[in-house]
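What you are looking at is a predicted structure, and each value in this text was computed from that prediction instead of being measured. Labels below follow one simple rule: chain letters A, B, ... track the order of the sequence lines, proteins then strands, and each chain is numbered from 1.
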Amino acid sequence: MHIATWNVNSIRARLDHLLAWLGQHPELDVVCLQETKVTDPEFPVVAIADLGWHCAFYGQKTYNGVAILSRRPLEAISPGFRSVLGAMPGTEVDAWDEQKRLLGATIDGYRILNLYVPNGSAVGSEKYAYKLAWLDLLHKYLQQLDIQSQPWVVVGDFNVAFTDLDLHDPRDREQKIMATDAERQAWQRVLDLGFLDSFRLFTPEGGHYTWWDYRGGALRRNHGWRIDYILISQGLRERAIACTIDPLPRRWAGPSDHTPVILHLKNGEQEAAP
DNA sequence: ATGGCGAGAGGATCTCGA
């Protein structure tokens with residue numbers, strides 16, 4: 001099982017890159033996308049189906065939007081917080097689901113959760129408060145579920161650098177978004193539910209990034225951040241073989257500012273032998 | 001300190017991202 005995540009920054013603008021990348025990676029089983037920026041009727045199902053992929057998508061005009069592509073059919077597709085938190089009084093789930101940032105599906109017995117975490121704009125802003133509250137809601141969402149009952153893979157653009165190894169320059173990190181203590185603590189509470197950062201199981205050193213600003217020659221100077229992650233539930237640790245960042249799409253002409261991350265898992269018992 | 005680049009909306013020049 002090979003699962004990837006990629007913030008494409010508009011699936012319309014990046015369709016050629018996506019299709020080319022899928023063509024170059026026949027090993028992939030599941031690809032989770034963020035910032036598709038299209039409504040569901042606008043999602044390019046045909047172009048993707050032509051390459052042999054099923055897909056589930058949950059989008060809106062201009063902003064946000066998430067999608068899951070899969071070689072095999074997707075089951076138990078659950079868009080937004082609603083499916084899990086809808087019954088909880090006082091959570092105002094409908095308001096939280098106005099921004100399309102969360103999509104779940106089950107594929108081959110793996111529960112996949114694809115996230116596009118709010119950016120937060122600037123420390124102390126309304127959007128920053130929204131980001132922290134959104135992460136609290138994600139914690140509530142995952143708390144409702146039995147993480148031990150089936151293999152869980154939580155992926156996406158998390159918009160937080162977990163540690164100082166995950167950004168090129170950690171100085172003054174409390175003054176800018178993505179590496180403040182509050183953001184890290186909000187994510188730590190989620191991890192403490194029983195998730196592992198699969199990339200760090202294999203790569204202890206810093207200097208590995210998934211996002212480089214378009215501005216200021218950030219890519220050329222390798223001024224990057226690792227903000228795209230693939231988390232696995234504890235039970236999957238023994239099946240994890242590797243988690244790698246593919247730096248190539250970020251170097252193509254007209255790129256997304258993010259580059260994909262891929263998790264390699266050994267086949268479990270519930271999967272048929274090839 | 002600010003903007004720097006790119007996408008979308010809309011039809012010039014905004015907002016937003018991270």
Residue met sooner reading DNA chain B from 5', once A:Ile227 and A:Gly254 are mapped to nucleotides: A:Gly254
Contact nearer the 5' end of DNA chain B, comparing A:Pro255 with A:Tyr63: A:Pro255
Return the value, rounded to whole Å, for the distance between atom [atom1] of [X] and atom [atom2] of [N].
X	N	atom1	atom2	value
A:His17	B:dG6	NE2	P	12 Å
A:Lys61	B:dT15	NZ	P	17 Å
A:Tyr128	B:dC16	OH	C1'	19 Å
A:Tyr214	B:dT15	OH	C1'	16 Å
A:Arg220	B:dG4	CZ	P	17 Å
A:Gln60	B:dG8	CD	P	14 Å
A:Leu33	B:dA7	CG	C1'	16 Å
A:His258	B:dG6	NE2	C1'	12 Å

Counting only side-chain N and O atoms of [X], is one of them less than 4.0 Å from OP1 or OP2 of [N]?
X	N	answer
A:Ser10	B:dG8	yes
A:Lys37	B:dG17	no
A:Arg215	B:dC16	no
A:Arg14	B:dA7	yes

Students often get this wrong, so: under 4.0 angstrom with heavy atoms, is [X] touching a base, only sugar-phosphate, or nothing?
X	result
A:Lys127	sugar-phosphate
A:His223	nothing
A:Asp228	nothing
A:Tyr116	sugar-phosphate

Exercise: do A:Tyr128 and A:Thr180 side chains pair donor with acceptor under 3.5 Å: yes
For residues [X] and [Y], establish whether the separation of their ring centroids is below 6.0 Å.
X	Y	result
A:Trp21	A:Trp6	yes
A:Phe158	A:Trp225	no
A:Tyr130	A:Trp96	yes

Taking the [atom1] atom in each of [N] and [M], what is the distance between them to the nearest angstrom?
N	M	atom1	answer
B:dG4	B:dG10	P	23 Å
B:dT15	B:dG3	P	12 Å
B:dT2	B:dG6	P	23 Å

Smallest separation among heavy atoms of A:Tyr209 and A:Leu165, with atom names: CE2-O, 4.2 Å
Residues from residues 165-176 of chain A lying under 4.0 Å of DNA chain B - heavy atoms: none
A:Arg226 and A:Asp197 ion-paired at < 4.0 Å: yes
A:Glu35 side chain to A:Asn9 backbone, donor-acceptor under 3.5 Å: no
Check: A:Arg200 main-chain N/O paired with A:Thr203 side-chain donor or acceptor under 3.5 Å: no
